[in-house]
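Taking it in order: structure first as structure tokens, then the write-up.
Ligands are counted one by one from 1 in listed order, and the atoms in each one are counted from 1 as well.
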Amino acid sequence: MDILCFMFISFKFLLFVEFSYAADTINSLQSLNDTSGATLISNDGTFELGFFSPGNNQNRYLGIWYKNIPVKTVVWVANRLNPINDSSGLLMINSSGNPVLMSQNTSVVWSANFTKQVSSSAVILQLLDTGNLILRDEQDGNSETNYLWQSFDYPSDTMLPGMKLGWDLRTGFERRLTSWKSPDDPSPGDFTWELEPQQNPELIMWKGSTKFFRSGPWNGLRFSGAPELRPNPVFVFSFVSNEDELYYTYNVTDNSVISRIVMNQTEYQRDRFTWSPSSQSWTVYAVVPRDRCDNYGLCGSYGVCILSESPICQCLKGFTPKSPGNVDWSQGCVRNKPLNLSTIDGFIKFQGLKLPDANHSRVNGSMNLKECGLKCSQNSSCMAYANSNVEGGGSGCTMWFGDLIDIREMTASGQDLYIRMSASELGSSDGKKKMTLVIVFTTIGVVAGLLVIILGYVIHKRRQKKTSEKTENNRETNNRNEDQQEDLELPLFELATIANATNSFSMNNKLGEGGFGPVYQGKLEDGQEIAVKRLSVISGQGLNEFKNEVILIAKLQHRNLVKLLGCCIQGEEKLLIYEFMPNKSLDNFIFDQKEGKQLDWSKRFHIICGIARGLLYLHQDSRLRIIHRDLKASNVLLDHEMNPKISDFGLARTFGGDQTEGNTKRVVGTYGYMAPEYASDGLFSVKSDVFSFGILMLEIISGIRNRGFYHPDESLNLIGYAWKLWKEGKPLELIDPVLGESCHLSEVIRCIHVSLLCVQQYPEDRPNMSSAVLMLGSDGELTEPKQPGFLMDRKLHETGTSSGKPESSSTNEITISLLEAR
Ligand SMILES: *[C@@H]1O[C@H](CO)[C@@H](O)[C@H](O)[C@H]1NC(C)=O
Ligand SMILES: *[C@@H]1O[C@H](CO)[C@@H](O)[C@H](O)[C@H]1NC(C)=O
Ligand SMILES: *[C@@H]1O[C@H](CO)[C@@H](O)[C@H](O)[C@H]1NC(C)=O
């Protein structure tokens with residue numbers, strides 16, 4: 001038990017009593033005395049406040065340390081500047097409510113010195129479980145806004161979870177870490193770790209008044225140069241920037257994890273430690289600076305530090321060393337070709353960098369990258385720009401004014417930076433260089449802007465048309481050029497981000513093989529689950545389809561369509577990033593006896609209606625008219641509530657408002673779902689999608705694959721079988737037995753009826769999707785179906801992909817994409 005003495009102090013304390021005491025608070029009538037060894041212990045026993053003498057130092061300090069670990073680790077010191085040179089320390093609350101620390105000769109060595117108004121006479125000093133020593137009015141609740149004073153506002157060299165590093169902008173009050181002079185001396189050392197309150201804030205490690213390391217600006221997820229801050233299961237990091245406050249803080253997700261950040265003078269580094277219960281010691285979780293490239297400004301302006309290079313300092317492309325042959329790189333690099341400092345200058349994109357010193361940078365969160373480039377090109381002192389936020393493919397605008405310094409390569413988590421270059425430099429960098437030219441048009445006025453957009457659209461359309469007539473090679477090149485112009489309109493992801501999210505496309509993350517390549521499951525840094533479609537690199541057609549898919553889908557938003565989150569085009573890699581659908585695709589359910597039970601009739605009907613609405617949106621309601629061309633069970637995904645979402649628009653084509661038919665040389669789709677006119681003549685229209693929808697409905701009702709179905713007597717496919725039963729007046733025999741009691745018979749019969757109308761031989765006999773949706777949703781009279789198309793599983797084309805033989809129901813469907821022989 002700890003002892004607390006009541007001291008007689010002139011004004012307030014009248015008694016001198018001794019009593020046993022162990023608690024987390026003291027009040028105005030009590031005090032903490034070094035001679036008695038009294039301490040204050042947080043409620044849960046994690047932290048302890050008391051007097052200590054570090055190492056060989058004989059002086060006494062009032063401090064907070066961990067109570068529950070064997071290695072004495074001090075996290076806060078009150079009187080770092082004024083040690084007590086004997087053991088006479090006495091902490092008490094004075095008449096004005098301030099905790100004061102006094103030494104023997106009753107001189108005040110430290111005082112909390114708060115400025116808030118106290119409403120009642122009684123104040124309480126309390127050590128919280130977080131390690132925060134707080135002072136509060138006895139009558140006020142224990143919430144942060146009520147604190148009169150808190151030690152978290154006056155950090156020593158340690159940042160505990162929940163502490164804020166940064167600024168109260170209302171009062172100009174700052175919280176920063178200052179190292180101890182040495183392990184024996186808690187007085188402030190040379191090193192500080194603080195948040196620079198500039199327009200584009202970043203954490204800076206100062207050695208005296210020299211920048212030693214900078215974290216890079218906050219990019220929405222982390223500080224640009226601090227990859228260890230990526231979201232992880234142990235820590236949550238946050239950065240708050242508003243009118244009142246600007247700070248960085250972190251917390252542990254699991255309270256049993258003991259963690260601290262320390263600015264260490266002797267090691268010249270800032271360590272993040274966690275306590276290891278097994279080894280009973282502190283382990284270093286992360287350190288900055290991590291390596292030589294983290295040394296501030298090592299390579300000078302326009303130099304880039306690349307660890308794997310020798311020397312590690314290199315000039316950015318388009319720059320040469322200012323003093324060649326000099327080993328001191330701090331001189332930096334100069335331009336090969338001087339800038340015109342006018343709007344003729346362009347920008348070259350550099351990838352995978354820690355963004356330069358943000359000291360002279362400006363941020364505007366509401367501008368996009370294009371606007372950012374335009375704005376930057378208009379101001380001759382703007383030397384570079386980048387997205388200010390990398391979340392969700394990038395947004396916002398940061399512009400740098402003046403020379404760019406402290407750039408390093410960060411392969412895994414670096415960012416794109418667009419650096420101003422003279423027009424002649426732009427001209428000399430040919431397309432093979434791994435740089436994207438961003439040509440900035442500076443047109444003034446909305447009319448001019450509009451004209452450019454319209455012109456661009458027309459050219460794009462014509463190119464598309466031309467492209468399809470050219471050889472594969474030409475098509476590729478053409479597309480590349482287009483890629484570069486369109487890049488900025490698309491939500492773009494870094495390849496590294498996606499590789500990270502998918503465990504480098506590991507087999508364990510693979511969800512399946514889609515039409516144009518494998519699909520992987522992944523998780524972004526912000527925790528969002530994604531599905532990544534990795535386009536197979538060899539396929540030229542894949543590239544073409546890819547472009548379509550990205551441009552189209554990004555514009556399409558409907559609750560029955562899978563949402564495209566973004567894409568990634570980097571080198572040979574072409575990736576599409578979709579929202580992740582936890583329940584995978586419809587075929588996993590309806591064609592599986594066991595899983596099929598999860599979908600009773602009402603769910604199936606809900607799915608049918610959802611698909612119909614999604615398709616209707618594609619055909620009619622979206623701004624563009626989209627024909628899916630490959631609608632099938634495996635292209636209908638299910639979210640966690642079993643809501644259907646149509647996926648894979650890669651094959652969809654854009655049409656003008658009134659054009660609903662097309663003739664294509666290229667037949668793309670899946671046998672078994674293709675309308676007769678499409679499979680045989682390449683004629684597709686919204687009605688060919690209706691045909692596929694009809695088949696899909698039959699499959700959902702029967703649990704049988706159209707292609708996999710084999711009737712013992714005749715070589716009928718599912719359509720043929722359904723038609724036969726319909727004619728014989730026993731359509732209910734088609735129903736999947738697992739549906740059992742759940743069926744709403746009139747609804748089922750109506751669905752069968754509608755599907756037979758959808759799979760009519762001739763497009764004109766099929767309803768369009770809006771009628772189909774109406775038919776499904778009402779009790780109105782329906783026309784009697786005629787004999788449908790494709791009753792037989794007939795042999796198709798000379799491709800050899802279809803043998804005409806029935807396939808087992810486990811056979812995976814393969815999406816076919818071929819140039820039809822003419
Ligand atoms: C308390 O604060 C006032 C004003 O902020 C200052 O003048 C005074 O020196 C401080 N006293 C101590 C002991 O820090
Ligand atoms: C940010 O950019 C938008 C759009 O260009 C502009 O309207 C706004 O005034 C800018 N904000 C600042 C603070 O410059
Ligand atoms: C360029 O931007 C800087 C920083 O915002 C500003 O001080 C300067 O006035 C601008 N120059 C022009 C010509 O707009």
(message) Going by a strict under-4.0 Å cutoff (protein heavy atoms only), does atom 14 (O) of ligand 2 have a neighbour on the protein?
(response) yes

(message) Below 4.0 Å, non-hydrogen atoms only: which portion of S381 touches ligand 3? Side chain, backbone, both or neither.
(response) side chain

(message) Return the closest protein heavy atom for atom 4 (C) of ligand 2 as residue, atom name and distance.
(response) M367 CG, 4.0 Å

(request) Just need the protein heavy atom nearest to atom 11 (N) of ligand 3, so name the residue and atom and give the distance. (result) N379 ND2, 3.0 Å

(request) Identify, for atom 6 (C) of ligand 2, the protein heavy atom at the shortest distance, and state residue, atom and that distance. (result) N364 ND2, 4.1 Å

(message) Counting C-beta onward and ignoring hydrogens, is there a side-chain heavy-atom pair between W193 and L203 closer than 4.5 Å?
(response) yes

(message) Show the nearest heavy-atom pair for residues D526 and L221, with the distance to one decimal.
(response) CB-CD2, 4.2 Å

(message) Any protein heavy-atom neighbour for atom 2 (O) of ligand 3 (distance below 4.0 angstrom)?
(response) yes

(request) Kindly assign one of parallel, tilted or perpendicular to the pair Y385 and Y418, based on the angle between their ring planes and the thresholds 30° and 60°. (result) parallel

(message) Would E371 count as a polar contact of ligand 2, with the cut-off being nitrogen or oxygen pairs under 3.5 Å?
(response) no

(request) Could you list which atoms of ligand 2 come closer than 4.0 Å to a heavy atom of S366? (result) 1 (C), 2 (O), 3 (C)

(request) Evaluate ring pair (Phe, Tyr, Trp, His ring centres under 6.0 Å) for Y154 paired with F173, printing each intermediate quantity in order. (result) CA-CA 10 Å; Y154 302 88; F173 179 79; 5.4 Å; yes

(request) Check the pair F213 / Y296 against ring pair (Phe, Tyr, Trp, His ring centres under 6.0 Å), numbers first and verdict last. (result) CA-CA 5 Å; F213 166 79; Y296 178 79; 9.3 Å; no

(request) Using a distance threshold of 4.0 Å (strictly less than), state whether atom 9 (O) of ligand 2 has a protein heavy-atom neighbour. (result) no

(message) On a heavy-atom basis, which atom in F223 and which in E202 lie closest, and how many Å separate them?
(response) CE2-CA, 4.3 Å

(request) Could you tell me whether D639 and K563 have a side-chain N and a carboxylate O separated by less than 4.0 Å? (result) no

